[in-house]
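Read the structure below first, then the notes.
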Amino acid sequence: MQNFTKESLIQSLIEIRQKGWIPTGRKNNDGGVGNTLEDLLGIEENNLPIPNASEWELKAQKKNTTSLITLFHMEPSPRAFKFVPTILLPEFGWRHKEAGRKYSQNEQSFRQTINAKGYSNRGFTVKIDKLDKKVWIDFNYKNISDTHNSEWLEQVSNKKLEPKPYWGFDDLYHKAGTKLHNCFFVSAESKKINGTLHFKYQEIFMLKKFNLDKFVNAIEEGYIYIDFDARTGHNHGTKFRLRRDSLIKLYSDVKQY
DNA sequence: GGTACCTGGAT
DNA sequence: TATCCAGGTAC
């Protein structure tokens with residue numbers, strides 16, 4: 001991999017911006033805007049839990065989306081329980097919308113995008129305990145809305161989530177500190193040209209000094225979401241996510257190029 | 001092949 | 001905003 005410095009990254013990103021419309025390098029992949037940016041920088045695809053380019057993490061996002069930005073992936077503790085594949089998906093999951101069509105008849109889904117502000121309509125929420133220094137997941141069937149089908153309501157009624165999935169502050173600090181300390185955020189316009197998705201990279205933000213206290217406070221105040229994203233055939237992992245404005249606020253030093 | 005990471009979405 | 005969701009790789 002190329003050995004980037006801050007200066008060479010800024011230069012490369014500005015050159016990419018000057019190229020204008022660039023075809024996606026990943027057809028049929030929602031992550032195309034980020035993958036294509038990595039391709040242009042000569043970064044090989046990997047799943048290593050480290051910054052993309054030397055000490056710099058890269059985030060890209062389509063301009064016209066309201067989707068959340070993923071900070072990182074981390075499965076909850078205790079790891080031995082393997083919460084998502086052995087508990088949350090089989091015991092609390094529901095029939096996938098594409099079961100019997102795109103997927104098998106038995107395809108289950110467990111997707112929850114939740115924060116500390118309140119319970120989702122499937123009864124899940126994020127809790128934060130500053131004394132025990134952990135973020136944990138609660139489930140309470142009393143908070144389930146009755147809009148769900150009776151089969152699922154029956155399945156989870158009176159069910160308890162025990163033990164609670166959690167993330168220790170120290171683990172979160174280590175993950176965020178090593179992966180997110182410095183970051184470039186790049187936005188891109190997108191459109192199809194002759195049927196192929198293209199991106200035009202535009203705003204370039206240099207974000208320095210990720211602030212761990214602000215990170216925990218953002219979880220507590222509900223600006224950071226925990227996003228479970230599993231179906232039977234593919235667990236995409238459990239993510240910590242937030243909106244663009246919230247991402248920028250987590251850094252102490254922000255510059256736009 | 002299961003699990004846990006990576007890159008991100010639409011309505 | 002809430003509730004759903006995508007294609008990849010390492011081990």
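Proteins get letters first, then strands, A, B, ... in listed order; numbering begins at 1 in each.
A cation-pi contact, defined as under 6.0 Å to the ring centre and within 45° of the axis, is absent between A:K164 and A:F139. Because its NZ or CZ atom is both nearer than 6.0 Å to the ring centre of A:Y166 and within 45° of the ring axis, A:K134 counts as a cation-pi partner of that residue.
Sequence order on DNA chain C of the closest nucleotides to A:K117 and A:A230 puts A:K117 first from the 5' end.
Contacts between residues 76-92 of chain A and DNA chain B, defined by a heavy-atom separation below 4.0 Å, involve A:R79, A:K82, A:P85, listed by number.
Side-chain contact check for A:S109 and A:R231: no donor-acceptor pair (N or O, by modelled atom type) lies under 3.5 Å.
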Contact string for nucleotides 6-11 of chain C, one letter per nucleotide 5' to 3', B = base within protein heavy-atom range under 4.0 Å, S = sugar-phosphate only, - = neither, reads BBBBB-
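Heavy atoms of A:S67 sit under 4.0 angstrom from at least one base atom. Using a 4.0 Å heavy-atom distance criterion, A:S120 is classed as a sugar-phosphate-only contact.
Contact annotation: A:K179 reaches the phosphate of B:dT7 (side-chain N/O to OP1 or OP2, under 4.0 Å).
Using the six-membered ring where Trp is involved, A:F205 and A:F185 have ring planes that are tilted, between 30° and 60° apart. Under the 30°/60° scheme for interplanar angles, the aromatic rings of A:F110 and A:F124 are found to stand perpendicular.
Taking 4.0 Å as the cut-off between side-chain N and carboxylate O, A:K127 and A:D138 do not count as a salt-bridged pair.
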